Amino acid sequence: MFISGFDILWDEIDDYVADIKSIRSIDQFTFTKPVTFFCGENGSGKSTLLEALAIKNGLNPEGGTRNYNFSTYDSYSSLHKHMRLWRSRKPDWMYFLRAESFYNVATKEMD
């Protein structure tokens with residue numbers, strides 16, 4: 001596994017993330033298996049958390065690889081700025097696929 005876990009440094013977070021109870025309850029998180037499922041109701045913080053992990057890894061918040069530099073609307077939180085990843089090494093290739101922006105990523109892929 002490239003990422004074995006992360007810390008969230010809550011002292012400086014001042015945006016809407018601090019009000020998401022499921023994320024606010026995390027100070028440290030450890031990945032124990034190669035695949036992790038985040039489940040919950042709409043608005044429970046699943047996408048916000050995954051988006052922050054993607055950004056922290058240098059990926060475009062709207063999806064794609066490190067080389068995708070487009071933005072239709074910057075709506076992501078500051079959570080990534082307050083995370084510390086535990087990693088053994090950075091992978092050679094990464095891809096962030098999100099349903100909300102699949103059309104934009106697919107269009108960019110066609111270029």
Side-chain angles (χ1 to χ4, degrees):
M1 294 189 308
F2 296 108
I3 300 173
S4 59
F6 60 88
D7 295 317
I8 299 176
L9 310 170
W10 286 106
D11 296 342
E12 299 175 18
I13 295 179
D14 61 358
D15 64 11
Y16 68 92
V17 175
D19 296 326
I20 302 174
K21 291 179 184 177
S22 61
I23 296 177
R24 183 66 180 138
S25 66
I26 302 171
D27 290 322
Q28 291 185 335
F29 187 90
T30 303
F31 294 103
T32 58
K33 304 282 184 186
V35 176
T36 300
F37 291 93
F38 292 99
C39 303
E41 299 291 328
N42 288 342
S44 63
K46 304 176 303 287
S47 294
T48 301
L49 183 59
L50 291 174
E51 182 180 82
L53 287 167
I55 296 169
K56 191 68 177 178
N57 274 290
L59 296 167
N60 186 323
E62 293 192 34
T65 68
R66 290 183 211 145
N67 299 322
Y68 282 29
N69 296 316
F70 64 88
S71 175
T72 55
Y73 179 68
D74 289 340
S75 63
Y76 53 89
S77 74
S78 66
L79 181 59
H80 65 283
K81 295 177 184 176
H82 309 287
M83 295 178 96
R84 184 174 47 221
L85 299 182
W86 315 335
R87 68 173 109 206
S88 56
R89 66 180 179 88
K90 204 166 193 175
D92 296 330
W93 189 83
M94 294 184 287
Y95 199 96
F96 179 41
L97 180 63
R98 56 182 304 157
E100 294 92 342
S101 54
F102 176 73
Y103 176 79
N104 294 338
V105 172
T107 301
K108 176 67 177 170
E109 196 69 38
M110 299 290 284
D111 288 346

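Note that these values count all heavy atoms, side chains included, but never hydrogens, waters or copies made by symmetry. Computed from a predicted structure; not experimentally measured.
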Below 4.5 Å, heavy atoms only, C-beta onward: do Tyr16 and Thr48 meet side chain to side chain? yes
Examine Leu79 and Phe31 and state if one hydrophobic cluster contains both, with Ile, Leu, Val, Met, Phe, Trp and Tyr joined whenever side-chain heavy atoms are less than 4.5 Å apart. yes
Residue list, ring-ring contact (aromatic ring centres under 6.0 Å, His included) with His80, at least two apart or on another chain: Tyr76
What heavy-atom pair brings Ile20 and Ser44 nearest, and what distance separates the two atoms? CG2-O, 3.5 Å
Listed partners of Asp15 passing side chain to side chain donor-acceptor pair (under 3.5 Å), at least two apart: Ser78
What residues form a side-chain contact (heavy atoms from CB on, under 4.5 Å) with Pro91, not counting sequence neighbours? Phe2, Met94
Holding to side chain to side chain donor-acceptor pair (under 3.5 Å), I want the full list of residues that pass it with Arg87, two or more places apart in sequence or in another chain. Asn57
Sorted by chain and number, sequence neighbours left out, salt bridge (Lys or Arg N to Asp or Glu O under 4.0 Å) with Arg24 holds for none
Check Phe96 against Pro61 and note the closest heavy-atom contact, atom names and distance. CE2-O, 3.4 Å
Could you pull out every donor-acceptor pair under 3.5 Å between side chains of residues 35-43 and any protein atom, sequence neighbours left out?
none

From Asp27 atom CG to Phe6 atom CZ, the distance as rounded to the nearest 0.5 Å: 10.5 Å
Would you mind listing the cluster partners of Trp86? Hydrophobic ones only (ILVMFWY), side-chain contacts under 4.5 Å, chaining allowed. none
Supply the atom-to-atom distance Ile26 CD1 to Lys21 NZ, rounded to the nearest 0.5 angstrom. 15.0 Å
Under the rule for side chain to side chain donor-acceptor pair (under 3.5 Å), what residues qualify as partners of Ser22, not counting sequence neighbours? none
Starting at OG1 of Thr30, measure out to CG of Asp7 and round the result to the nearest 0.5 Å. 8.5 Å
Can you check whether Leu85 reaches Leu53 side chain to side chain, under 4.5 Å on heavy atoms? yes
Hey, quick one: are Phe29 and Leu50 part of the same hydrophobic cluster, counting side-chain heavy atoms closer than 4.5 Å, chains of contacts allowed? yes
In the structure I gave you, are the side-chain heavy atoms of Ile13 and Ile8 within less than 4.5 Å of one another anywhere? yes
